[in-house]
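Some notes on the structure that comes next.
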Amino acid sequence: MRGMEKKRNRLIVFLLILSLVAVQIVTGCNKKNEDLYQFVVTSTTKSETSEESETEAAEPTDTRPAETTESETTESETTESETTEAETTTKAEAKQETKKATTKATTKKATKAPTKKAAKTTTKKKKATPTPTKKPTTKPKYTQYLFVGDSRTVGLDEAVDGISSIAKVGAKVTYLQSVMSDVTKTRGKNVIFNFGVNDLGNISKYISVYKSMPKEFIQKNNVIIMSVNPTDGSKYGSWNTDIDKFNKKMKANLPSGVKYLDTNSTLKKEGFSTRDGVHYKAVTYRRIAQLVFNFCGDKNRKP
């Protein structure tokens, strides 16, 4: 019976559709076929839906599919919860890994940074400048000066302050012999002898007189024999050959403990000036005095 009713209803619907199509053609309606199709489909669907609802009302309701649905829903929820937990766990692990990587990177940077700073600090360090060591100043043993000689010694005494002399113009070896007893009484001084220019041929006698000086005199003083210094000019320039011979022999025969000062070579090398070819100008006398002071270790003293 139900099958017949369904067929009848479908037939009725079909006839209705045909009638509607005919109406559309006769009246010249400009509606589109799509609208008509939609209407027909909608009507058919409604009729079928109503038939199915009637059928479901007639048939008894079964509760088993509902239970199955609920179990399936529970399982799906369980699966979803497990999936959510897995995703949450994965995210947490990913965050932990990210933190570890960030911590490692920060640690490496922190480790490298001090090294660079230390390198820069080491580069910027300046080398320590060594403190210059001051040389100890040595004081001269004796600071008083006694010059013994001829006219050149007289000129030296006149040009230089702070010295004493035993000298005579034109003095020769005989004058040296006459004053030696007084000279050898001196103690604690620099004693400088400067003879020979007036009697260059008496070198042997000079050596003999100097060697006769008492040992105590030599030990208690700084005894120096100065070279015969150079002459100049056409009249006296030729004397220099004999002066060099005299000086060479005197230097080779010094008494024990007596020093020799070669001012002759220095004056010829650096230059000198005379008033008459034999006697010097004041500037040269002061130069000779400075050479004596330096030789005695009294370099800070000026003539």
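Just so you know, these numbers use all the heavy atoms, side chains as well, and skip hydrogens, waters and symmetry mates.
Under the 4.5 Å side-chain contact rule for hydrophobic residues, Leu146 and Ile224 do not share a cluster. There is no path of hydrophobic side-chain contacts, each under 4.5 Å, that joins Leu156 to Val148. A single hydrophobic cluster is not seen to contain both Phe295 and Tyr260; linkage of ILVMFWY side chains at heavy-atom distances under 4.5 Å, directly or through other members, places them apart. Taking hydrophobic clusters as Ile, Leu, Val, Met, Phe, Trp and Tyr residues chained together by side-chain heavy-atom distances below 4.5 Å, Phe293 does not share a cluster with Tyr142. Hydrophobic clustering places Val258 together with Val183 (ILVMFWY residues linked when any side-chain heavy atoms are closer than 4.5 Å, directly or through intermediates).
A ring-ring contact (aromatic ring centres under 6.0 Å, His included) check over residues 207-234, counting only residues at least two apart or in different chains, returns the pairs Phe193-Tyr210. Pairs of residues two or more places apart, or lying in two chains, that qualify as side chain to side chain donor-acceptor pair (under 3.5 Å) and include a residue from residues 176-191 are Asn190-Asn222. For residues 246-265, no residue pair satisfies the salt bridge (charged side-chain N to carboxylate O under 4.0 Å, His left out) rule, not counting sequence neighbours. Screening residues 149-175 for ring-ring contact (aromatic ring centres under 6.0 Å, His included) gives no qualifying pairs among residues at least two apart or on separate chains.
Residues Lys281 and Thr274 come closest through the heavy atom pair CE-O, 3.6 Å.
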May I have the step-by-step check of side-chain hydrogen bond (donor to acceptor under 3.5 Å, both in side chains) for Asn264 and Asp244, ending in yes or no? CA-CA 8 Å; Asn264 177 63; Asp244 292 339; 3.3 Å; yes
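In this structure, Leu11 shares a hydrophobic cluster with Leu15, the cluster being traced through Ile, Leu, Val, Met, Phe, Trp and Tyr side chains under 4.5 angstrom apart. Here Val283 is tied to no hydrophobic group at all, with no ILVMFWY side chain closer than 4.5 Å.
The number of heavy-atom neighbours closer than 6.0 Å to NZ of Lys268, taken from other residues, nucleotides and ligands shown, is above 12.
For Glu270, the side chain to side chain donor-acceptor pair (under 3.5 Å) partners two or more places apart in sequence, or in a different chain, are Arg287. Listed by chain and residue number, nothing satisfies the side chain to side chain donor-acceptor pair (under 3.5 Å) test with Lys235 (two or more places apart in sequence, or in another chain). Residues passing the side chain to side chain contact (heavy atoms under 4.5 Å, CB included) test with Val169, sequence neighbours excluded: Ser151, Val154. Residues satisfying the side chain to side chain donor-acceptor pair (under 3.5 Å) test with Gln290, not counting sequence neighbours, are Asn294.
No donor-acceptor pair under 3.5 Å is formed between the side chain of Tyr280 and the backbone N or O of Arg152.
Put simply, CD1 on Ile225 and CG on Leu254 are 5.5 Å apart, with the number rounded to the nearest 0.5 Å.
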Which pairs of donor and acceptor atoms, one on a side chain in residues 159-167, lie under 3.5 Å apart (sequence neighbours left out)?
from: Ser164; atom 1: OG; to: Tyr145; atom 2: O; distance (Å): 3.0
from: Ser165; atom 1: OG; to: Asp157; atom 2: OD2; distance (Å): 2.5

For a quick test of your reading: what N or O donor-acceptor pairs under 3.5 Å do the side chains of residues 194-204 make, sequence neighbours left out?
from: Asn194; atom 1: ND2; to: Ser227; atom 2: O; distance (Å): 3.4
from: Asn198; atom 1: ND2; to: Ala171; atom 2: O; distance (Å): 2.9
from: Asp199; atom 1: OD1; to: Tyr206; atom 2: OH; distance (Å): 2.6
from: Asp199; atom 1: OD2; to: Val173; atom 2: N; distance (Å): 3.1
from: Asp199; atom 1: OD2; to: Asn202; atom 2: ND2; distance (Å): 3.2
from: Asp199; atom 1: OD2; to: Tyr206; atom 2: OH; distance (Å): 3.1

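Side chains of Thr143 and Asp298: no donor on one and acceptor on the other come within 3.5 Å.
Side-chain contact between Lys205 and Leu176: absent, with no pair of heavy atoms (C-beta onward) separated by less than 4.5 Å. A heavy-atom distance below 4.5 Å is found between the side chains of Leu261 and Val292. Leu267 places a side-chain heavy atom less than 4.5 Å from the side chain of Thr284. Using a 4.5 Å cut-off on side-chain heavy atoms (C-beta onward), Met250 and Ile207 make contact.
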